[in-house]
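The structure under discussion appears below in the form of structure tokens.
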There are 2 protein chains.
Amino acid sequence: MDINSTSPALVFSALGDDTRLELIQRLLEGTPKSVSYLSRGFNISRQAIRKHLHHLEKAGLIRPTKVGREQLFQIQIEQIESSCKYLEEISSQWDIHLKNLKTLLEDKA
Amino acid sequence: MDINSTSPALVFSALGDDTRLELIQRLLEGTPKSVSYLSRGFNISRQAIRKHLHHLEKAGLIRPTKVGREQLFQIQIEQIESSCKYLEEISSQWDIHLKNLKTLLEDKA
DNA sequence: TTAATAAGCAACCTAAAGGTTGCTAGTTTA
DNA sequence: TAAACTAGCAACCTTTAGGTTGCTTATTAA
């Protein structure tokens, strides 16, 4: 089983929350960050943030490393990239569809 | 207020379900499709499918047109495209981040 | 003009999401 | 070594998601 393969729906659902998108934004800057550090600035509890991090982790969007008493998280960019490809694929299928429609109309005319 | 702007989290959350991704796939082929038509082939009820369609609609991913007694749905590709851009933006921020890290390490050496 | 079809509405159920508080156990650091 | 800090675990609560069934209304076709 490929460790990098998570279902598109799982990844999108992990991305489908404002708090989690904000966490991802914060993880984009600088070095890996701890749960406590990431909790600061939100007005919900550390445990709530930890649950959001679990979602991101399960979807393969972040990766934890234990360092001393801290759990440090960093972005796993591959999942973002493959979700992006998934959406590009939809767009291109739609383009093909529109092109087919157009030829169909021209043939009728 | 821009009719085309839906929050990224709302769109991702609409994409975060296997049934809804499957509905999108079906809507990519051919002409606009009715609720009943789209319900066929799933083993959940028409009402359940209708709820999923509501989600997609609220996120701006599909657009309904009433024709006679039927409600026909078609893809609204703009939301897909802008979600795609959102993910590309994340990827590029991550690239910049990695590049910065690299220069930092080289400067130290 | 009656029967079949498409779809809306409402009530209901169960599981999961998103949050809380309280407590415990390992690390650091003063 | 005692105090402070990081984080895990468990129990609980409330709202929402995803699904069901039953019924009504509008439109289309026989």
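Only this structure's heavy atoms are used, side chains among them; waters, hydrogens and symmetry mates stay out. Letters A, B, ... are given to chains in the order of the sequence lines, protein chains preceding strands, and every chain is numbered from 1.
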Where protein sits on nucleotides 1-16 of chain D, one letter per nucleotide: B base, S sugar-phosphate only, - none, heavy atoms under 4.0 Å: ---BBSBBB-------
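Using a distance-only test at 3.5 Å, with no hydrogens or angles considered, a donor-acceptor pair links the side chain of A/Lys33 to the main chain of A/Thr31. Not one N or O on the side chain of A/Arg20 forms a donor-acceptor pair closer than 3.5 Å with the backbone of B/Ala9.
Between B/Ser45 and D/dG19 there is no side-chain polar atom (N or O) within less than 4.0 angstrom of OP1 or OP2.
When rounded to the nearest whole Å, the span between CG of A/Leu53 and C1' of C/dA17 equals 15 Å. One interatomic measurement links the two molecules: CD1 of A/Ile49 to C1' of C/dT20, which rounds to 13 Å at whole-angstrom precision. Between the P atom of D/dG18 and the CZ atom of B/Phe42 lies a distance of 13 Å, rounded to the nearest Å. Atom CG of B/Asn43 is separated from atom C1' of D/dG18 by 14 Å (rounded to the nearest Å). Rounded to whole Å, the distance from CG on A/Leu23 to P on C/dG19 is 10 Å.
Comparing A/Gly68 and A/His52 along DNA chain C, the residue whose closest nucleotide (by nearest heavy atom) sits nearer the 5' end is A/His52. Along DNA chain C, the nucleotide closest to A/His55 and the one closest to A/Val67 are compared, and the more 5′ of them pairs with A/His55.
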Test log, rule side-chain hydrogen bond (donor to acceptor under 3.5 Å, both in side chains), inputs A/Ser34 and A/Gln71: CA-CA 5 Å; A/Ser34 72; A/Gln71 186 97 31; over 6 Å; no
Test salt bridge (charged side-chain N to carboxylate O under 4.0 Å, His left out) applied to B/Arg50 and B/Glu57, step by step: CA-CA 10 Å; B/Arg50 180 65 248 223; B/Glu57 204 179 333; 3.0 Å; yes
Test side-chain hydrogen bond (donor to acceptor under 3.5 Å, both in side chains) applied to B/Gln79 and B/Thr6, step by step: CA-CA 8 Å; B/Gln79 284 303 329; B/Thr6 328; 3.1 Å; yes
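Of the residues in residues 8-22 of chain A, not one places a heavy atom less than 4.0 Å from an atom of DNA chain D.
Here the shortest heavy-atom pairing between A/Ala14 and A/Leu61 reads CB-CD1, 3.8 Å. Closest non-hydrogen pair, B/Ser91 versus A/Ile80, comes out as OG-CG2, 3.7 Å.
The aromatic rings of B/Phe12 and A/Phe12 lie parallel to each other, with less than 30° between the two planes, well short of the 60° mark.
In this structure, the side chains of A/Leu15 and B/Leu15 stay at 4.5 Å or more apart for every pair of heavy atoms.
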